[in-house]
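First comes the structure, then the notes that go with it.
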Amino acid sequence: MTRGSWSGARRPPPPCEVPMSLEEVKAGYAGQEVVVRGWMHACRRLAQVTFVLLRRGADVVQVTFTPEEAEAQLPRSLGHESVLEVRGVVAARAEAPGGAEVIRPVVRVLSAVSEAPPVVLHKREAQGSLGTQLDHAAVALRHPRRRAVFRLSAAAMQGFRETLGARGFVEIQTPKLVGGATESGANVFELGYFGQKAWLAQSPQLYKQMMVGVFERVFEVGPVFRAEPHATTRHLSEYVSMDVELGFIEDHRTVMATLREVMAGIMARLEASCGPELALLGVTLPQVPAVIPSITFEEAQAWIEAQHGVSVRGEPDLAPQHERWLGAWAQEAHGSDLLFVTGYPMAKRPFYTHPQPGHPTASNSFDLLFRGVELVTGGQRLHRYEAYEAALLRAGIDPAPLAGYLEAFRYGMPPHGGFAIGLERLVMQLCGLENLRWATLFPRDTHRLSP
RNA sequence: GGGUAUAUCGUUCAGCGGCCAGGACCCAGGAUUGUCGAUCCUGUGAGGAGGGUUCGAUUCCCUCUAUACCCGCCA
């Protein structure tokens, strides 16, 4: 059989067109016959007239029926979320939403729905608790407000990629199935792999470092997996990490400057692309200052003691409450939604962390707090092979499984560093959501593996 | 892993040692000459599981189960 004898190959495929938005239909086609398709968002039968609101994404167009037309075209059994194709005539009309409607409709039912959807979509706010909406995500996410959140996510990823692409960074994809040791003692998901053990990657850290030796500047957007049994509003077992790693840096401050550019680029993309979504959600984008205010870990601890009377001396990290306090302080003192905390103690940092020259117990690392929540962690990494040998020895980590990684350093690596932004946390804080799960399409946590 | 809290119609919340267990939303039926977060009327529909106290438990106590939040950890 030759390829040409396939019947499907003879006919050109239907064109892939950008669908005409319902707004376009309303604005530009008065008096013309059009075909509109969408979900039946609402149906109101009045004595003299019946209205069907057809939803397509965030757009809604009104289709108006006379009682006779409704009788003939709209089965009573047709429920919310039925998918319809309507041929009709666009008519300008002041009372209609958006100033126009489709009249003299001929309806073709593409998909009939006979039972009530599990969540209500035609109210201004999405109804139902978080758990209910997550259980019925396929439908709940259709709600314009839920949907808008994920348009912001998409634009944030786009802004991230654009900003880095314009600066010579190369996008990479590293494996999520990994063997051997992981970067730290964090809990990882174990799986079977052709008779041996494998793990789900808890971060692309080691791979993105290796790729600095290839491209110098790399980034990745992808899932990471944490088997920590945490149960909070800001942790998940799987989340999207927006990772960056770059070579030939001065120190961690080069990385911080890059992060500032990235944050500014993300906000610029959101502003340019997501006006309607930002307005719908009432979101105010943060200003990204030319220089993001910065405080050292030790200064932060001293400030916490002085201002809040909590003794945190000797603690290796800041608690969530402390980060909230610092976030509020950044807002008051600097008018900034963003705050860098630098110089975390080496003690609890991973083995590849670069110490602070002249202050070996502190590291060239930073966190970026966004409205009081830890959004980014980053820093300078070790880059000399001997430094890795010493660090692994000190940490008691067997270097054998890391041989493939260590080879990068054995054969020359520049001073480098990077960071990772939690996408869901970014969107959560942007939208003022009280739970990360509202910013996750299909969250995975200790209790939830489906849908 | 530690702590706290919660469990009632499909959903979201009330309430009470004797309740016809209430409201709102959804849904169903009806009404309204145009809705647009439609409105009005009517209707369907509920006490996580197992023990205990009590004349009587949806209510109080215990256990279990489930869930939520805080902490730890992180993004």
Side-chain angles (χ1 to χ4, degrees), chain A residues 41-53 60-67 76-77 79-80 91 93-101 103 113-136 139-140 143-145 183-187 202-205 223-243 315-324 344 348-350 367-370 373-378 419-429 434-437 439-440 445-448:
Chain A
H41 193 59
C43 177
R44 295 189 248 286
R45 290 174 193 266
L46 282 70
Q48 302 299 319
V49 64
T50 290
F51 302 107
V52 166
L53 297 182
V60 174
V61 72
Q62 175 168 290
V63 181
T64 303
F65 299 73
T66 64
R76 285 269 165 178
S77 58
H80 286 136
R93 184 163 182 125
E95 304 99 300
E101 62 188 0
I103 59 170
V113 174
S114 56
E115 54 182 324
V119 293
V120 179
L121 297 176
H122 60 272
K123 296 288 174 183
R124 183 171 291 177
E125 299 285 342
Q127 307 286 300
S129 64
L130 176 61
T132 303
Q133 290 197 37
L134 294 181
D135 286 342
H136 304 288
V139 178
H143 190 279
R145 292 184 71 102
E183 63 185 89
S184 69
N187 290 325
Q202 60 163 300
S203 113
Q205 177 64 32
V224 295
F225 305 90
R226 305 283 164 95
E228 301 288 341
H230 32 218
T232 79
T233 54
R234 55 189 192 289
H235 289 91
L236 291 172
S237 304
E238 175 179 358
Y239 69 93
V240 176
S241 183
M242 300 197 292
D243 266 90
E315 296 289 329
D317 202 356
L318 300 172
Q321 179 60 61
H322 304 154
E323 291 174 344
R324 287 191 282 272
Y344 284 84
K348 288 195 91 177
R349 292 273 144 173
D367 276 4
L368 181 66
L369 308 185
F370 177 27
V373 166
E374 195 173 317
L375 177 69
V376 185
T377 292
F419 57 86
I421 305 174
L423 174 64
E424 296 86 351
R425 282 204 184 169
L426 173 65
V427 174
M428 168 174 84
Q429 288 303 89
E434 76 275 18
N435 193 313
L436 192 62
R437 288 155 184 79
T440 310
D445 60 33
T446 52
H447 298 300
R448 190 173 291 275

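Every chain is numbered from 1 and lettered A, B, ... according to where its sequence line falls, protein lines coming before strand lines.
Across all strands shown, B:rU39 is found opposite B:rA31 as a Watson-Crick or G-U wobble partner, with both distances under 3.5 Å.
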Pull out every protein N or O sitting under 3.5 Å from an N or O of nucleotides 7-9 of chain B, one pair per line with the distance.
none

Using the 3.5 Å cut-off, write out each protein N or O paired with an N or O of nucleotides 34-36 of chain B and the distance between them.
| from | atom 1 | to | atom 2 | distance (Å) |
| --- | --- | --- | --- | --- |
| B:rG34 | O6 | A:R93 | NH1 | 2.9 |
| B:rG34 | O6 | A:R93 | NH2 | 3.4 |
| B:rG34 | N1 | A:R93 | NE | 2.9 |
| B:rG34 | N1 | A:E101 | OE2 | 3.2 |
| B:rG34 | N2 | A:Q62 | NE2 | 3.2 |
| B:rG34 | N2 | A:E101 | OE1 | 2.5 |
| B:rG34 | N2 | A:E101 | OE2 | 3.4 |
| B:rU35 | O2' | A:R44 | NE | 2.8 |
| B:rU35 | O2 | A:R44 | NE | 3.2 |
| B:rU35 | N3 | A:Q62 | OE1 | 2.4 |
| B:rU35 | N3 | A:Q62 | NE2 | 3.4 |
| B:rU35 | O4 | A:Q62 | OE1 | 3.0 |
| B:rU35 | O4 | A:Q62 | NE2 | 2.9 |
| B:rU35 | O4 | A:E95 | O | 2.9 |
| B:rC36 | O4' | A:R44 | NH2 | 3.4 |
| B:rC36 | N3 | A:E95 | O | 2.7 |
| B:rC36 | N4 | A:E95 | O | 3.3 |

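Side-chain contact annotation: A:S237 with A:D445, donor-acceptor N/O pair under 3.5 Å absent.
Taking 4.5 Å as the limit, some side-chain heavy atom of A:L46 sits within range of a side-chain heavy atom of A:F51. Taking 4.5 Å as the limit, every side-chain heavy atom of A:H143 sits out of range of all side-chain heavy atoms of A:Q127. Between A:R425 and A:V373 the shortest side-chain heavy-atom distance falls below 4.5 Å.
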Can you give the donor-acceptor pairs under 3.5 Å from side chains of residues 113-120 of chain A to other protein atoms, not counting sequence neighbours?
none

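When each of A:R45 and A:A116 is assigned the nucleotide of RNA chain B with its nearest heavy atom, A:A116 is the one assigned upstream, toward the 5' end.
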Reading nucleotides 66-75 of chain B from 5' to 3' and marking B where a protein heavy atom lies under 4.0 Å of the base, S where only the sugar-phosphate is that close, and - otherwise, the string is -SSSBSBBBB

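A:S129 pairs by the side-chain contact (heavy atoms from CB on, under 4.5 Å) definition with A:T132, not counting sequence neighbours. Partners of A:S241 under the side-chain contact (heavy atoms from CB on, under 4.5 Å) rule, at least two apart in sequence or in another chain, are A:V224, A:Y239, A:D243, A:A420.
Using the six-membered ring where Trp is involved, A:H122 and A:H41 have ring planes that are perpendicular, over 60° apart on the 30 and 60° scheme.
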